[in-house]
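Encoded as structure tokens, the structure appears first; notes follow it.
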Amino acid sequence: MTSERRTLLLTMLVFALQPLPFGAWLALIPHVKEQLMLNKAQLAVALLGLPLGVAPGLQVAGWLTGRFGPRRVLAASYPMLAGVICLPLLATSLWSLFAALVATGCVFALSQVGLNVYAGRLEKQRGIVVMSRCHGFWALGVMTGSLLLASLAALPPIAAMGLIAVPSAALGVWAALSLVRLAGQEGGSAPPRRALRDIPNQLWLIAVCTLAVSMTEGAMSDWAAVYLAERLPDGAERAGIAVSIFAGSLAAGRFAGDAGKVWLGVVMLARLATALAIVGLALLIVPLPLWTSYVGFALVGLGVSVGFPLGVSAAAGIDDSYEGPNIAIVSTVTMLGFLVGPPLIGSLAELFSLRVGLMALLPGLILGTWLCRALSRGESPDSGR
């Protein structure tokens with residue numbers, strides 16, 4: 001096996017392993033909601049713990065990644081994530097669940113920045129287009145985690161989570177430390193901190209463009225199972241299949257994203273994908289037969305699949321000196337959208353209905369079709385346009 005091929009395989013492996021326990025958690029949300037006897041508004045409050053943990057976690061992660069390099073940060077974050085992801089299952093009240101999710105968000109942010117900084121520099125230094133496929137493996141990890149949880153349904157949830165989180169953490173530590181050392185990755189000092197006025201306008205446009213897509217992705221990840229549980233006659237027992245369909249389609253779109261980027265170009269690919277997400281949401285919002293909801297989950301998954309990978313690649317191409325901080329900013333805004341979307345939808349669902357809550361995602365996606373133009377501005381010459 002060549003050195004480059006081994007590097008690509010290891011990079012995709014670390015992307016696939018990191019979200020395995022997170023996918024299991026997403027499938028367990030209806031169970032936790034029922035066990036704690038939470039209504040939709042209370043669940044929405046609890047889910048706010050994740051973005052509140054992610055916000056400071058991303059700032060710390062950006063500094064740690066610049067100081068120690070993403071390989072070491074990833075190696076440290078895997079066992080930490082395996083521990084904190086079990087905390088929400090031990091919650092006994094709304095506020096203990098909230099606190100557990102804050103801790104989970106902090107550690108999740110640490111690993112997310114490490115993943116994206118490494119993949120962004122790999123693209124630039126090796127002249128390859130790989131970001132979308134990496135995130136395809138991330139989505140595959142979410143899907144695999146939810147499917148593994150379903151296969152372990154006979155076990156207590158905490159035991160099932162442990163069987164998923166611990167082995168994936170052990171393998172993740174090995175894979176992270178086995179990654180090739182890229183230039184500028186192993187320690188040293190981070191570039192000087194920039195004032196807000198010094199951050200390129202293109203970067204903010206890229207971040208806003210990915211925000212609408214990430215809010216939809218986060219909302220579907222957290223509420224797809226709840227949506228299906230409300231429509232199935234036998235409750236939430238089989239509702240986790242909604243997460244699997246969505247995550248599987250998300251992975252498929254990302255695996256095809258690198259080829260689509262070369263074939264269609266960045267802007268056309270992003271606009272086509274956003275249109276699919278809008279159609280998929282319409283199938284979930286409009287009262288239609290149950291089978292159309294499965295199609296809706298698939299279309300939304302395809303539609304939101306490429307927004308964040310395209311945004312990360314564009315951010316990395318703006319500035320060589322600040323590519324790490326640029327990626328961290330886009331990751332911060334995108335992750336906040338991913339995690340703020342679910343509680344926003346939950347609050348609207350409690351006041352009105354879950355269909356009305358999902359309807360609130362449409363304006364952002366429509367705006368995103370116009371902002372897609374910004375994704376080509378920071379693109380590097382080797383990005384495959």
Side-chain angles (χ1 to χ4, degrees), residues 51-70 73 105-106 108-125 131-132 134-135 182-185 187-215 217-218 261 266-267 270 274 306-341 364 367-383 385:
L52 289 178
V54 163
L58 283 168
Q59 301 307 311
V60 175
W63 181 84
L64 288 175
T65 302
R67 178 66 181 84
F68 299 104
V73 168
C106 287
F108 196 75
L110 187 65
S111 57
Q112 280 293 100
V113 171
L115 288 173
N116 288 305
V117 169
Y118 188 87
R121 290 194 174 181
L122 180 64
E123 278 199 328
K124 293 186 68 175
Q125 293 185 23
M131 186 67 73
S132 188
C134 285
H135 285 275
L182 298 175
Q185 292 293 314
S189 58
R193 184 180 295 273
R194 295 175 294 186
L196 286 177
R197 65 178 179 273
D198 296 326
I199 297 176
N201 291 332
Q202 296 94 323
L203 185 61
W204 293 120
L205 291 174
I206 292 167
V208 173
C209 184
T210 60
L211 177 64
V213 173
S214 66
M215 288 185 68
E217 181 180 349
K261 183 178 177 180
V266 173
V267 176
T274 306
V306 297
F308 182 55
L310 291 177
V312 171
S313 292
I318 291 176
D319 188 309
D320 289 342
S321 299
Y322 285 91
E323 60 181 347
N326 287 346
I327 290 172
I329 288 174
V330 171
S331 297
T332 299
V333 174
T334 304
M335 186 58 63
L336 287 176
F338 182 84
L339 297 173
V340 167
L367 176 64
T369 61
W370 178 67
L371 291 176
C372 285
R373 183 188 300 267
L375 293 173
S376 67
R377 295 182 181 179
E379 206 171 8
S380 66
D382 295 327
S383 60
R385 278 187 296 175

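Because the structure is a prediction, the values reported are computed rather than measured.
Looking at heavy atoms from C-beta onward, Thr65 lies out of side-chain contact with Tyr118 at the 4.5 angstrom threshold. Proximity of Leu211 to Thr334: side-chain heavy atoms (C-beta onward) are nowhere separated by under 4.5 Å. In this structure, Ser313 and Lys261 have side chains that are in contact, with non-hydrogen atoms separated by less than 4.5 Å. With a 4.5 Å cut-off on side-chain heavy atoms, Val330 and Asn116 do not count as touching. Val113 has its side chain out of reach of Val73: every pair of non-hydrogen atoms, C-beta onward, lies at least 4.5 Å apart.
Residues Ala61 and Ala109 come closest through the heavy atom pair CB-O, 3.8 Å. Of all heavy-atom pairs spanning Ser132 and Pro309, the tightest one is CA-CB, 3.6 Å. Taking each heavy atom of Pro70 and Gly114 in turn, the nearest pair found is CB-O, 3.3 Å.
To the nearest 0.5 Å, atom SG of residue Cys372 and atom CG of residue Leu367 are 9.5 Å apart. With rounding to the nearest 0.5 Å, the separation of CG in Leu115 from CG in Leu110 is 10.0 Å. Leu375 contributes atom CG, which lies 8.0 Å from atom OG1 of Thr210 (distance to the nearest 0.5 angstrom).
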Task: Test side chain to side chain contact (heavy atoms under 4.5 Å, CB included) applied to Val306 and His135, step by step - done: CA-CA 8 Å; Val306 297; His135 285 275; over 6 Å; no

Open item on the list: Go through it in stages, so that I can follow the logic: the residues are Ile206 and Ile318, the test is side chain to side chain contact (heavy atoms under 4.5 Å, CB included), and I'd like the CA-CA distance, side-chain angles, deciding distance and then a yes or no.
Closed with: CA-CA 11 Å; Ile206 292 167; Ile318 291 176; 3.8 Å; yes

